[in-house]
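Notes to accompany the following structure.
Everything numeric here is computed off the predicted structure, so don't read it as measured data. Remember, it's 1-based here, ligands and their atoms both numbered in the order they're listed.
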Amino acid sequence: MSRLLNGREIAKKMKAELHAELQALDAVPQLRILSFDTPSSQVYWQAQQSAAQSLGIGIVPSTPGAAHASHAQSWDKITQSRVEEILQEWNQDVMVHGIFVHQPMPKQIDAQRISALIDPKKDIEGIHPQNCARRFFSKARIGSCTALAIMRLIEETGVALEGKEAVVVGHSEIVGRPVGMLLLDKLATTTICHIGTNKAGLLEAHVRRADILVAALGQPQFIKGEWIKTDSIVIDVGINVVGGRVVGDIEFEAAKERAAYITPVPGGVGPVTVMMVMKNTIEAFKLQQG
Ligand code: NDP
């Protein structure tokens with residue numbers, strides 16, 4: 001029977017830490033978020049807004065001054081030039097310290113071009129090529145909020161990662177790849193699995209030997225409880241809605257019988273990620289203050 005890595009409790013702890021950091025600053029960091037009118041973007045926006053407000057971080061949606069319900073950009077209608085216009089405006093505004101664009105972006109938007117457009121010092125999701133390169137060389141100043149949240153959850157266990165077998169399932173640019181790099185930095189022997197691993201029928205074998213498992217594939221309960229290594233650390237990043245209920249990528253009930261530590265869904269990675277957005281906004285503020 002495992003210990004629950006309670007993301008809500010950890011987020012509360014982080015909030016106290018961030019509150020103290022904010023007290024020491026001579027101005028209020030300002031965060032700007034480009035969100036979309038999709039259910040998942042809306043849920044994320046609400047959580048980010050409420051965390052920022054509770055900490056006293058300035059937050060304004062992508063249409064300044066708009067009524068709450070119309071803050072998000074239309075998923076179907078937003079154009080590349082409009083997104084670029086919003087980001088240029090925020091880049092140039094010295095009062096804006098952190099910029100966050102919700103992912104995924106609509107298909108009519110060139111996501112790579114958008115990542116490269118955000119001022120690297122304001123890029124609190126670490127998606128600008130300069131920030132990706134810094135991460136590659138273990139010199140990141142600001143990195144993927146979800147990847148950093150995963151590392152914070154693992155840190156809470158107190159288990160040293162050096163020499164451990166870490167297996168990440170999913171190789172996306174905002175979760176799988178960056179967390180793989182951070183695990184490498186801790187000298188965990190790191191394997192990143194993806195759709196090719198699954199097609200080759202090798203996913204189960206990799207998961208079975210994971211001392212640290214990070215599941216970020218976005219497939220409801222795809223990873224079976226019986227695959228989980230006894231006494232492992234299990235981080236479930238997945239957010240999937242099934243029959244009106246939110247479930248992760250791992251069969252939680254069975255997995256918790258085997259793991260030493262496990263994150264619930266909801267209430268695991270999500271709340272820590274939201275707090276990491278706030279932490280990165282403060283880091284960006286400090287970076288800009290020199
Ligand atoms: P993406 O869809 O961008 O990436 C999913 C990854 O999983 C891809 O690399 C994909 O491989 C791989 N994959 C898909 N199916 C399989 C499979 N059957 N076997 C092996 N690999 C597979 O998603 P994200 O990385 O953005 O997010 C992943 C999940 O985490 C989602 O559920 C998302 O909602 C959630 N999430 C949660 C956050 C939180 O704070 N809690 C924050 C961000 C995301 P390929 O590309 O080769 O197909």
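Between E173 and R135, none of the side-chain N atoms (NZ, or NE/NH1/NH2) sits under 4.0 Å from a carboxylate O, so this pair counts as no salt bridge. A salt bridge links E156 to R152: one of the charged nitrogens lies within less than 4.0 Å of a carboxylate oxygen.
Here the side chains of I262 and F252 are in contact, with some heavy-atom distance below 4.5 Å. Using a 4.5 Å cut-off on side-chain heavy atoms (C-beta onward), M276 and I124 make no contact.
Checked against a 3.5 angstrom limit, the closest N/O atoms of S172 and ligand 1 fall inside it. Residue T146 places no N or O, backbone or side chain, under 3.5 Å from any N or O of ligand 1. Considering backbone and side-chain atoms together, I239 places an N or O closer than 3.5 Å to an N or O of ligand 1.
In this structure, OG on S50 lies 9.0 Å from CD1 on I59, to the nearest 0.5 angstrom.
Using 4.0 Å as the threshold, G176 has no heavy atom nearer than that to any atom of ligand 1. Residue C193 places no heavy atom under 4.0 Å from ligand 1. Put simply, part of V237 is less than 4.0 Å from ligand 1, judged by heavy atoms.
Of all the atoms in ligand 1, the ones that sit under 4.0 Å from a non-hydrogen atom of A216 are 5 (C), 6 (C), 7 (O), 28 (C). Shown in contact with G170 at under 4.0 Å from a heavy atom are these atoms of ligand 1, numbered in order with element: 6 (C), 7 (O), 9 (O), 12 (C). Listed by atom number, the atoms of ligand 1 under 4.0 Å from N198 heavy atoms are 17 (C), 18 (N), 19 (N), 20 (C). Set against the non-hydrogen atoms of F222, the atoms of ligand 1 under 4.0 Å away are 18 (N). Numbered from 1 in the order shown, with element, the atoms of ligand 1 that lie under 4.0 Å from a heavy atom of G270 read 40 (O), 41 (N).
In terms of protein heavy-atom proximity, atom 31 (C) of ligand 1 is closest to G218 CA, 3.7 Å. Of the protein's non-hydrogen atoms, H171 CD2, 3.8 Å is the one closest to atom 8 (C) of ligand 1. Looking from atom 21 (N) of ligand 1 to the surrounding protein, the closest heavy atom is H194 C, 3.2 Å. Atom 13 (N) of ligand 1 has L217 CB, 3.8 Å as its closest protein atom, hydrogens excluded (heavy atom only). The protein atom (non-hydrogen) at minimum distance from atom 40 (O) of ligand 1 is T273 OG1, 3.0 Å. Counting only heavy atoms of the protein, atom 16 (C) of ligand 1 lies nearest to I195 CD1, 3.5 Å.
Of all the heavy atoms of Q219, the ones lying under 4.0 Å from any atom of ligand 1 belong exclusively to the side chain.
Comparing V241, L203, T263, V175 against atom 27 (O) of ligand 1, the shortest heavy-atom distance belongs to V175.
Y44 has its ring centre no less than 6.0 Å from the ring centre of F36.
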Carefully, step by step, assess I57 and L22 under the rule side chain to side chain contact (heavy atoms under 4.5 Å, CB included).
CA-CA 8 Å; I57 287 176; L22 282 161; 4.1 Å; yes

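In this structure, K186 places its NZ atom where only 12 or fewer heavy-atom neighbours from other residues, nucleotides or ligands lie under 6.0 Å away. By the 6.0 Å contact criterion, CD on Q23 is enclosed, its count of non-hydrogen atoms from other residues, nucleotides or ligands being greater than 12. The neighbour count for K121 NZ, taken as heavy atoms of other residues, nucleotides or ligands under 6.0 Å away, does not exceed 12. In the displayed structure, R113 atom CZ is contacted under 6.0 Å by at most 12 heavy atoms of other residues, nucleotides or ligands.
Protein heavy atoms are found less than 4.0 angstrom from atom 19 (N) of ligand 1.
With hydrogens and angles disregarded, no donor-acceptor distance shorter than 3.5 Å links the side chain of K122 to the backbone of I118.
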